[in-house]
Amino acid sequence: MRTQVGIVGAGPAGLMLSHLLARAGIDSVIVEARSRSYVEARIRAGVIENWAADLLAETGVGARMQREGLVHEGIEIGLNGERRRIDFKRLTGRGIMVYGQHEVVKDLIEARLAAGGKIEFEISDTSVHDFDGDAPKIRYKKNGEAREIACDFIAGCDGFHGICRPSIPNGVLTEYDRIYPFGWLGILSQSPPPSHELIYSYTERGFGLYSMRSSSVSRLYLQCAPDEDIEKWPDDRVWKELKARLGPGGDKLLQEGKVLEKGVTAMRSFVVEPMQVGRLYLAGDAAHIVPPTGAKGMNLAIADVLFFSRALAEFYRSGKTALLEGYSKKCLSRVWKAQRFSWWMTSMLHLNPADSPFDRRRQWAELDYVTTSEAASKSLAENYVGLPIA
Ligand code: RFL
Ligand code: PHB
């Protein structure tokens, strides 16, 4: 098989890239290890930055998001149960879209297939070849049969555990990494959220996040150990802790419901530089990971592929390679700002077992400052709704 851009991975990065390329008249094929139903049911991110929601809408894949998604104009920060609001709309003029990543994935798959796009699901043994020249190839197996895609460029959109990044020879990439001494235990529940906006709650028991997918489905998280044993968290223990971390009155505020999903995620910050080697371009989690406290992962994935699609459009239109050559630098400038913000939100809101009493007091002062100072809350707000995309 031959195409212009071979894409590994049908997450938000790979699917959005294929969608944007098709709109620019550029042909692509996506290969995906999992089944369509698996990727459409994988519960992950929930917050879409303002510009990214606009991009989905403007490019024709935002109709369901605009119908079913929730526009939020702020968040609440809990300080041992005292809730203080950060008003994004007043501070930045913008809000955010709360709409599940798996819904974005569903919408993109439907749009790609309806437009005749090619996605090969349930493939195995993916490998990438010859990206140091101008005729790269993706090899894989489908139903045990070996196949090959010959292409002009390979997009490595295969997430943190994919094969594209490790296929780059040793010594070419520099890795920047930070592991946090905590993780999140998350549940999806058939019950209304405790507030109509997200609550990021700092307490002496650890951090809790009260998010949602709709007015009747909550997405709730508890700070836990990075290797927390989920078997030790039967539903009643999860509910008890979630109520306690809402602060006084939490037991009345939080309604219990059927737990639809439960899982533990460890947290890390990770970046590779550069994000491109020869004709292999990394995008999304394949190139960088952020801790989820800043709600930036999916948004960064969409930003990367927007920049890559523009560079490819320029190349195929005019033969110019300036944007392709600038891809990594352009992405990394945004990635590092999101890294800083995600690290900062994470450090401010979690209890770090290594912290001293001094650190704890400083953390409290920071939360108090950010929720009372116009300048500090504006800085949080402009990062949370998404820095301008140029
Ligand atoms: P994905 O979504 O991991 O997709 C990669 C795809 O590649 C496939 N794949 C392969 N295919 C073929 N051959 C191989 N060898 C392959 N290896 C892998 C995989 O099956 C998969 O389908 O990466 P992408 O597209 O870069 O998207 C990144 C986002 O998924 C991620 O950053 C976000 O989910 C992070 N994140 C959040 N981001 C936000 O913007 N806002 C949020 O509110 C938010 N909350 C979160 C999050 C991530 C979380 N977890 C579970 C890590 C909350 C959590 C709890
Ligand atoms: C979510 O709804 O899953 C969510 C929201 C905000 C975050 C992380 C996850 O910071």
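All values below come from the heavy atoms of this structure, side chains included, with hydrogens, waters and symmetry mates left out. Start at 1 with the first residue, then count along the sequence. Whatever order the structure lists them in is the order used to number ligands and atoms, beginning at 1.
- The pair Arg2-Asp152 meets the salt-bridge criterion, since a charged nitrogen lies less than 4.0 angstrom from a carboxylate oxygen.
- Looking at atom 31 (C) of ligand 1, its nearest protein heavy atom turns out to be Asp285 OD2, 3.3 Å.
- Taking 4.0 Å as the cut-off, Glu49 does not count as a neighbour of ligand 1 on heavy-atom distance.
- Between Tyr316 and Phe153, the ring planes lie perpendicular to each other; the angle is over 60°, past the 30° to 60° tilted range.
- Among all protein heavy atoms, the one lying closest to atom 38 (N) of ligand 1 is Met298 N, 2.9 Å.
- Using 4.0 Å as the threshold, Tyr221 has a heavy atom nearer than that to some atom of ligand 1.
- Closest to atom 6 (C) of ligand 2, if we only count protein heavy atoms, is Tyr200 OH, 3.2 Å.
- The residues Lys106 and Glu103 are annotated as salt-bridged, a charged nitrogen and a carboxylate oxygen being separated by less than 4.0 angstrom.
- Distances from atom 35 (C) of ligand 1 to the heavy atoms of Ala301, Pro166, Ser342, Gly297 show the closest one on Gly297.
- Under 4.0 angstrom from ligand 2, there are no non-hydrogen atoms of Tyr99.
- For atom 6 (C) of ligand 1, the nearest non-hydrogen atom of the protein is Glu32 OE1, 3.6 Å.
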Worked verdict on Lys329 versus Ser333 for side-chain hydrogen bond (donor to acceptor under 3.5 Å, both in side chains): CA-CA 6 Å; Lys329 191 166 174 232; Ser333 151; over 6 Å; no

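- Distance check on atom 42 (C) of ligand 1: some protein heavy atom falls below the 4.0 Å cut-off.
- A donor-acceptor pair under 3.5 Å is absent between the side-chain atoms of Ser373 and the main chain of Val370, judged by distance alone.
- Of all the atoms in ligand 1, the ones that sit under 4.0 Å from a non-hydrogen atom of Gly284 are 26 (O).
- Here the protein heavy atom with the shortest distance to atom 8 (C) of ligand 2 is Pro292 O, 3.4 Å.
- Closest heavy-atom approach to atom 27 (O) of ligand 1 within the set Gly11, Pro12, Gly294: this belongs to Pro12.
- Side chain of Ser328 to main chain of Pro274: no donor-acceptor pair is present (N/O by atom type, distance under 3.5 Å, no hydrogens or angles).
- Counting heavy atoms under 4.0 Å from ligand 1, residue Val8 touches it through the side chain alone.
- At distances below 3.5 Å, at least one donor-acceptor pair connects side-chain atoms of Arg94 with backbone N or O atoms of Gly386.
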For Tyr281 and Tyr327, what are the C-alpha separation, side-chain angles and deciding distance, and is it a ring pair (Phe, Tyr, Trp, His ring centres under 6.0 Å)? CA-CA 9 Å; Tyr281 288 71; Tyr327 170 75; 5.4 Å; yes

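- Cation-pi geometry between Arg245 and Tyr202 is not satisfied (NZ or CZ under 6.0 Å from the ring centre, within 45° of the ring normal).
- Between Glu261 and Arg219 there is a salt bridge, since a side-chain N of the basic residue sits under 4.0 Å from a carboxylate O of the acidic one.
- The nearest protein atom to atom 13 (N) of ligand 1, hydrogens excluded, is given as Thr126 OG1, 2.8 Å; this is a heavy-atom distance.
- Of all the heavy atoms of Val98, none lies under 4.0 Å from any atom of ligand 2, so neither backbone nor side chain is involved.
- The backbone N or O of Phe207 sits less than 3.5 Å from a side-chain atom of Gln223, completing a donor-acceptor pair.
- For the pair Pro292 and ligand 1, the shortest N or O to N or O distance does not fall below 3.5 Å.
- Put simply, the side chain of Arg84 never gets that close to the backbone of Glu76: no donor and acceptor are under 3.5 Å apart.
- The Ile163 neighbourhood of ligand 1 comprises atoms 15 (N), with distances under 4.0 Å to a heavy atom of that residue.
- With hydrogens and angles left out, the side-chain atoms of Trp184 and His350 include a donor and acceptor closer than 3.5 Å.
- Here is the list of ligand 2 atoms found below 4.0 Å of a heavy atom in Leu198: 5 (C), 6 (C).
- Nearest to atom 34 (O) of ligand 1 among the protein's heavy atoms is Gln101 OE1, 2.7 Å.
- Near Gly46, meaning under 4.0 Å from any of its heavy atoms, are these atoms of ligand 1: 42 (C), 43 (O).
- With a heavy-atom cut-off of 4.0 Å, Arg213 touches ligand 2 through its side chain alone.
- Formation of a donor-acceptor pair under 3.5 Å by the Asp359 side chain with backbone atoms of Ser356 is found in this model.
- Protein heavy atom nearest atom 1 (P) of ligand 1, with residue, atom name and distance: Arg44 NH1, 3.5 Å.
- Atoms of ligand 1 found under 4.0 Å from any heavy atom of Ala295 (numbered from 1 in listed order, with element): 39 (C), 40 (O), 41 (N), 42 (C), 43 (O).
- Distance alone, capped at 3.5 Å, is enough to place a donor-acceptor pair between the Asp304 side chain and the Gly284 backbone.
- Among Ala33, Ala45, Gly156, the residue whose heavy atom lies nearest to atom 10 (C) of ligand 1 is Ala33.
- Between Ser211 and ligand 2, an N or O atom pair is found at a separation short of 3.5 Å.
- At a heavy-atom cutoff of 4.0 Å, ligand 1 is contacted by the side chain of Thr265 but not by its backbone.
- Residue contacts with ligand 1 for Cys157 involve N, CA, C or O but no side-chain atom from C-beta outward (heavy atoms, distance under 4.0 Å).
- A cation-pi geometry, defined here as NZ or CZ lying under 6.0 Å from the six-membered ring centre and within 45° of its normal, does not hold between Arg340 and Trp343.
- The single protein non-hydrogen atom nearest to atom 18 (C) of ligand 1 is Asp158 O, 3.2 Å, given as residue, atom name and distance.
- The pair Glu49-Lys296 meets the salt-bridge criterion, since a charged nitrogen lies less than 4.0 angstrom from a carboxylate oxygen.
- Ligand 2 has a nitrogen or oxygen under 3.5 angstrom from a nitrogen or oxygen of Tyr221.
- Protein heavy atom nearest atom 21 (C) of ligand 1, with residue, atom name and distance: Arg42 NH2, 3.3 Å.
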